[in-house]
Structure formats: structure tokens, C-alpha cells
Protein chains: 2
Amino acid sequence: MDKSGEYDFLNDLVRFASLAELERIISEYCEKSFYAQTVTLISFQRDTKPITLLSHILDRDLAEFFTTYYARIGFMLDPFYIVAFGEAEFTAHQLREIAPDKFKTSEYYAQYYAKTGLVDELGATIRLGPRIALHLSLGRLGGHGRFRANELRYFKQLSPIILNRLKAILKDPVDVPEMSNAPDLIERYQNMSEPSRSGLSRREAEIAALIVQGHSSRAAGLQLGISDQTVKVHRRNIYRKLQISSQNELFSLLVQDIRGG
Amino acid sequence: MDKSGEYDFLNDLVRFASLAELERIISEYCEKSFYAQTVTLISFQRDTKPITLLSHILDRDLAEFFTTYYARIGFMLDPFYIVAFGEAEFTAHQLREIAPDKFKTSEYYAQYYAKTGLVDELGATIRLGPRIALHLSLGRLGGHGRFRANELRYFKQLSPIILNRLKAILKDPVDVPEMSNAPDLIERYQNMSEPSRSGLSRREAEIAALIVQGHSSRAAGLQLGISDQTVKVHRRNIYRKLQISSQNELFSLLVQDIRGG
DNA sequence: TCGAAAATACCACCAAGTTGGTATTGTTTG
DNA sequence: CAAACAATACCAACTTGGTGGTATTTTCGA
């Protein structure tokens, strides 16, 4: 497999002066090197849909899938999106570093992520404001192997430079889109039950969100600083209130909710 | 809940002379009685997509969902479809009688069936030929409760009469659609692996099909007359050959395959 | 302020999936 | 024919989900 130019790529990526130039560099490199098969630059917005600023996806079906599903539903369960609004101002990770413990067997993975054909991702995110962040993603398609340790290292060194330059370029307020009031994952679950029944409590909705993101009861407990037994109790109460009996249905309700409005 | 007319409905259903008249009777009754919220008449065809002859679904979203998903993917995993091409010439069942043991927690249930809002179904099927069958389905939406024992009993008595009359009406060859060569579930799994790798054996594909239909390892073993341990071995081999590691992914591959072609 | 609900925690049990291993018997195919 | 593979079977271990129960503390609204 030809990996020549894996460093040249990132090196050159640093020398751009506009979004258009960045796009040119990316498409040039993606054609002559196997370093990455997909490159996307996304504006993440807390509580509402992301905006794709740049998307280099050769496969047409995959590109369509990306705009159809990821932009509507998938992003909410994307580990990179979740990390984007965490504490750190800047983050750069390989997917495996931040994916929940059951990510690969989660409903999200099976229904959305697996369809992209991606086997690995490098993602970097820089906060532009309290509710907006810029995300750069490099993807490996099946058959090209995962990113290696040295590739990750180099990405972690250069991606902040790239994203900081982009931040400067995009600081024009024209580029910062309007906010809508679409509810986030937790709010969705809180408002989900039928009017007659009592809805999920804040905590229960938090746990529902973690579960659909692909966390096991144990992992969710660790993250919230509570026991996995407690998580199981919440699970039971969540299922009862929503009149369901499995994780699969919990995911199904989310998709219905998002589609419905 | 008003269940008056539950018998009148089926009684009147028997007195039709054409598809159009049947449709009129159904829509009349569905509006003044809660006996069934959805009534569909489908032409099942082995190995290819079903044809909806009549569909009384009040909810517009549900109706759209039905044509979008059920007609393309869902039917393959529909317990009634599976039973339709079994040994019996005629069958009439409540869903719970023929659903696989893990149906309610299956990926199919969560992704397709749950979205319909149905909580129960009565279905009757009559074989028109070796590769074609006629299916009548009555559905209960959430909030209307399941069909009761006496309703099922009456359905089992009257549905053969209705379907036999329909068979006579539809025997006109114009109504029997062309066959295509779309692969069935088992064939799909057999042809699924990448060209470079060896595909699933017949037996493995059979088991893959049973699993996505919602059978547990034990249930699949019982059905095939082999041990559940053997089913587990096949599972392992299936996962290895398809380079996956969970049931969720097995389902995902099917959906991809069907969408792709 | 009193009571209900929420949040926390722990225990036990069962079903099921996932992952290892070994072994026997046919069948197919190069 | 020999090697490879399919199909069968059994065992063991582990993880997780789902369900049942009980109990304590906190929070918040009527």
C-alpha cells in the first residue's frame, strides 16, 4: 500500500490561505496518495445540525449518505461531536481513543457508521465559541488499514496549526451560521414520553443518551461517577416510562423523534 | 374502547365481489370501529418484492413508511412472509404465534416494525402458486390493545373464506405479476463477502438469515435440528468471514446489500 | 413542612452473545 | 489420493443486558 506523502500531505495542508485553496490541496493529495480517503471539514453546533464546509468523499453513494444521514441524525452520536463540546478547547484523536466501549456493536455503528465504509478516523476539533466548533476529519476506508501510531502523532502535531489557521480565516461573522433551537440528545429523551405519562428525569435522559451513544452500563456509570447498578436501575425506569424493553428500541425512539420533527 | 362490530366486520368482509368493493367495506368499518387500525392485502412473492394490492393505513407517515421500508427490506424479515412459503397451503396466525423468540429485541423490530406503531397483527396467507401467496393483515396500533383470544378465533374461521374468494377473483393472469430474480435472504448472505474472501456456506447463510430474523442461537438450532452450540460455532465463522463481530453488524450488512442492489 | 419523586446503591438471577478451544465425520476439489 | 473445508458437537469462560427486589438520601413542589 502506498503511503508515500503521508507527511507531505499534512505539511502542505498547513500552507493554505483560503478554504478554496485547502480544498484544492486536499483533492490533489487524495488522488495520488492513500493517506486518507475521506476528508471533511465540519462546523459543529451545539444542539443543532452541523454544517459541512468541505467534504472530500470520492464515493458518490457515501457522499450522499453523509449528507442524508450524518447531517440529520448521525452527528448526535458521533464521538467526535460529543468530545467537541467537552472541556478542552482543542482536541485531536483517533476514533478508537474516544469511542465508547460498545461503539462497534452499537445501533449507531451498525446503522450509520458501518454504512460509510470507514474503518478508522482521525479527528481534530477546535472551539470557535461556546456553541460552535470546527472539526477536521480524515478517514480510512475499508481495505486501507487503520491509521498507524506515527500517523496519529503527526496529526496531533499539525492539526492544531491547520485548525487555528482556519479559525482565523473563518472568523468573518458571515461564516458563523444562525443558531436554531433544535433539542440535543438529552432534551430529546426528556421530551419523548407521551403527554399522559411522566417523562424521563434529567438523569434518566442523560443515561439514555449515553446508552445510545454506545456506552455499556458500566461505562456510563464510570462517566457519571455512579455505580453500574445504579445505571441499571435507571435503565429499568427508562424502559418502563417509555414502554419499551430493550436498547434497540431506545435507539429506534431517537430516530423516530428526529425524523418526526 | 369500542369493539362493537368486531364480528360484523369480518362477516361483511366475506360478502365482496371485487377488490374495489373490499376496499370500500374496509374503509367504512375502520372508521366506525376500533377493531383494526390497519388493513393490508399483499401479494407475497418468493425471492422478490411484495406487491401491495390494498392498504388501509390512516396515518400518512405510517403509510409512507410502509411503502418505503417494508416493501423494500422489511418484508424479508416479516414472520408472516416467512411462514407464507412454508408447508401449509393456508395459514392464519396472531403475530405472537409465529414471531421468533427474540423478535421484540431484534434489529428488525427496533428499526422497522417498532416504527409502524403496531402492537399486534393478525395475518392470514393463502398460496396462489409455488412462488406467490396472498396475505391479509389486520393491525392494532399502540393504545388499542392486542387482539383477544376470541378475535383470533373468529379471524381463523373467516380469513380462509375471505382469502379463497380473493384467490378466485385474482386468478386472472393479469393480476399475477412478473417474477424477478432478486435473491432471497439466504442467497444474499451467501454472495455477500468480498470476492477475495471465501463466502458463507449454505448452512452458514441459513443461520445468518435466522439470526437476523430474530431467532436466538437456541431457537435457530431447534429449527434446524442441531445443537445451539453448533449454531454458535457457525456464528463465529460467519463473523470471521464477513469481518464483523456482532449481530447488529450482520443486520447492517443485509440492509447495505439490499440498498446497494 | 410534608410527601412524592428522583437519584443513589446493592444483591441476585437468568438469558444470551461473544470468544476461545477440541474433535469427528463427510464431501469436494485440486 | 490428499488436503481443505463444511457440518456437526461439546466444553468453558466471560461480558452484558434485562428483570426482580430492597433501601437510603436528596430534592423539590404542593
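So that the names make sense, note that chain A is the first sequence line, chain B the second, and so on, each numbered from 1. Note that this is a predicted model, so its numbers are computed, not measured.
A close approach under 4.0 Å does not occur between any side-chain nitrogen or oxygen of A:Lys232 and OP1 or OP2 of C:dA12. Between B:Arg235 and C:dT18, a side-chain N or O to OP1/OP2 separation shorter than 4.0 Å is present. Side-chain N/O atoms of B:Ser217 include one lying less than 4.0 angstrom from OP1 or OP2 on C:dG17.
The nearest whole Å value for the distance from the CG atom in B:Asp101 to the C1' atom in D:dG17 is 15 Å. In this structure, the CD1 atom of A:Ile226 is 15 Å from the C1' atom of D:dT24, given to the nearest Å. Taking atom NE2 of residue A:His215 and atom C1' of nucleotide D:dT16, one finds them 16 Å apart after rounding to whole Å. We find that CD of A:Glu107 is positioned 13 Å from C1' of D:dT16, with the value rounded to whole Å. Between the C1' atom of C:dG20 and the OH atom of B:Tyr239 lies a distance of 15 Å, rounded to the nearest Å. Residue B:Ile207 contributes atom CD1, which lies 13 Å from atom P of C:dG17 at whole-angstrom precision. Counting to the nearest Å, the C1' atom of D:dT15 and the NZ atom of A:Lys104 are 17 Å from each other. Atom-to-atom, CG of A:Asn248 to P of D:dT16 comes out at 17 Å; the value is rounded to the nearest Å.
Among C:dC11, C:dT18, D:dT19, the nucleotide with an atom closest to any side-chain atom of B:Gln247 is C:dT18. Listed nucleotides C:dA12, D:dA9, D:dA6 differ in distance to A:Gln229; the shortest reach to its side chain belongs to C:dA12. Checking D:dT16, C:dT8, D:dA9 against the side-chain heavy atoms of A:Val233 singles out C:dT8 as nearest. With D:dA6, D:dT19, D:dT16 as the candidates, the nucleotide lying closest to the side chain of B:Lys241 is D:dA6. Closest to the A:Arg203 side chain, of the nucleotides D:dT19, C:dG17, C:dT8, is C:dT8.
For the 3.5 Å distance criterion, the side chains of B:Arg240 and B:Asn237 qualify, holding a donor opposite an acceptor. In summary, the side chains of B:Asp78 and B:Tyr112 do not present any donor paired with an acceptor at a separation below 3.5 Å, with no hydrogens or angles considered.
The closest side-chain heavy-atom distance from B:Phe103 to B:Pro79 is below 4.5 Å.
Between A:Ile244 and A:Arg218, the residue whose closest nucleotide on DNA chain D is further toward the 5' end is A:Arg218. In terms of position along DNA chain C, the nucleotide closest to A:Gly225 lies nearer the 5' end than the nucleotide closest to the other residue of the pair A:Thr105 and A:Gly225.
A tilted orientation is assigned to the rings of B:His135 and B:Phe80, their planes being inclined by 30° to 60°. The aromatic rings of B:Phe85 and B:Phe44 lie tilted to each other, with the angle between the two planes from 30° to 60°. Using cut-offs of 30° and 60° for the angle between ring planes, the B:Tyr113 and B:Tyr109 rings count as parallel.
A donor N or O paired with an acceptor N or O is found under 3.5 Å between the base of C:dG20 and the side-chain atoms of B:Arg236.
At the heavy-atom level, A:Lys102 lies under 4.0 Å from the strands shown only through sugar-phosphate atoms. Counting non-hydrogen atoms under 4.0 angstrom, A:Thr230 reaches a base of the nucleic acid.
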